[in-house]
Every structure is written in structure tokens, then in C-alpha cells.
Amino acid sequence: MVEQVDDPKRAVSKYHEGFSRGDSDLALSVIGSEFFMFNGNYSGEPTNWQAHMYLEGADREQWPQLFLQEAGPYENQFRFIHEDIRGDAAVVVTLENGKNRFRSWENEMVTWFLGRHAGNWKILGLFIRDISNPG
């Protein structure tokens, strides 16, 4: 039985825990049925932002495992700096420090977008201000 996640911050924590432990199923358990990522291109100015990916169906289900295979191992420490909940929508902001096979990051600001269905919070997408798409 899948554990109910009744707190948006807990969903973000489980996402990171899954990748850090190499447990793609745990990471997937807190990702919504559709999932997106956008990059800030090192800017808070929306005209600089970049689309990174959108996943649904089999692509979404396979992505955590493929990410770990390509970019693992994954290490990340984070702290919550903001949370706002309105009804069944939430925004959570973290500052993160970590690394994977391809890059490392320090004080990277990440904005998480979540939705709640039947009391269960899921990550719908995220925006990483301090990264750009690979060249």
C-alpha cells in the first residue's frame, strides 16, 4: 500500500529521498500523473526561462529510473525557505546543494508546484532558477 502524503513538504522530501537512496519507485510515488520541469537560465526574469521537459504516461513512469541510470548517484541536501498552500494547490521553495554524475549545485533555488487529490499531495512540476538546458 502506498503511504498517503498529507503535507507538500513531505512530498518534496520523499522525492529527494527516493533519488538519494536510488529508489526510483519512491520518487515516482510523489510525482503527479503529469510532470514538468522548467529552467530559469540563471535568472528570475521570465523572458530568459527555458522549457526543459513534460512527461506523462509511460514516459513519466520510466523517467525516475532512467534519470538514476544516466545521472546517478544523486546527492542533495536542501532546506525549505517558503511554503504557500491555497486549497488543493501548493508552492514550496527550497535551497539545494548537491551533485550527480553531470553537475553539482550550491544554493540552487528550486520552486515546487504541487496539487492535492483525495488528501494526497503530488509534485506536478518544478522550476530550477539556477540552471540552463544543456548546450
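All values reported here derive from a predicted model rather than from experimental measurement. Just the heavy atoms: all of them, side chains too, but no hydrogens, waters or symmetry mates, feed the values below.
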Practice task
Compute whether any side-chain donor of one residue and acceptor of the other, for Asn133 and His52, lie under 3.5 angstrom apart.
Solution key: yes

Practice task
Verify the distance criterion only: is there a donor paired with an acceptor across the side chains of Ser43 and Glu45 at less than 3.5 Å?
Solution key: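 No pair is found: no donor N or O on one side chain lies under 3.5 Å from an acceptor on the other.
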
Practice task
For this output row, return yes or no: ring centroids of Trp63 and Phe36 closer than 6.0 angstrom.
Solution key: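 No, the ring centres sit 6.0 Å or more apart.
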
Exercise for the section: Tell me whether the centres of the aromatic rings in His16 and Trp112 are closer together than 6.0 Å. Expected result: yes

Practice task
Evaluate the ring planes of Phe19 and Phe67, with Trp represented by its six-membered ring, and classify them as parallel (under 30°), tilted (30 to 60°) or perpendicular (over 60°).
Solution key: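 Perpendicular, since the angle between the ring planes exceeds 60°.
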
Over all heavy atoms of both residues, which pair between [X] and [Y] is shortest? Give the atoms and the distance, please.
| X | Y | answer |
| --- | --- | --- |
| Asn41 | Ser132 | OD1-CB, 3.0 Å |
| Ser13 | Phe80 | OG-CZ, 3.6 Å |
| Lys14 | Ser29 | CE-OG, 4.3 Å |
| Val93 | Thr111 | CG2-OG1, 4.0 Å |
| Ile85 | Ala90 | CG1-CB, 4.0 Å |
| Asp7 | Lys9 | OD1-N, 2.7 Å |

Handout entry: Heavy-atom neighbours of Gln65 CD exceed 12 at 6.0 Å
Key =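 Not more than 12 within 6.0 Å, no.
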
In Å and rounded to the nearest 0.5 Å, what is the [atom1] to [atom2] distance from [X] to [Y]?
| X | Y | atom1 | atom2 | value |
| --- | --- | --- | --- | --- |
| Arg101 | Gln69 | CZ | CD | 9.5 Å |
| Leu126 | Phe113 | CG | CZ | 8.5 Å |
| Leu114 | Leu124 | CG | CG | 6.5 Å |
| Met109 | Phe78 | CE | CZ | 15.5 Å |
| Glu83 | Thr94 | CD | OG1 | 12.0 Å |
| Met53 | Met37 | CE | CE | 3.5 Å |

Establish whether [X] and [Y] are linked, either directly or via other cluster members, by ILVMFWY side-chain heavy-atom contacts under 4.5 Å.
| X | Y | result |
| --- | --- | --- |
| Ile31 | Ile128 | yes |
| Leu55 | Val30 | yes |
| Val91 | Ile81 | yes |

Problem - Option passing ring-ring contact (aromatic ring centres under 6.0 Å, His included) with Trp49 (candidates Phe38, Phe127, Tyr42) - result: Phe127

Has [X] got a side-chain atom pairing as donor or acceptor with [Y]'s backbone, closer than 3.5 angstrom?
| X | Y | answer |
| --- | --- | --- |
| Asn120 | Val5 | yes |
| Asn100 | Phe102 | yes |
| Arg103 | Ile131 | no |
| Glu17 | Asp23 | no |
| Arg116 | Trp121 | no |
| Arg60 | Gly32 | yes |

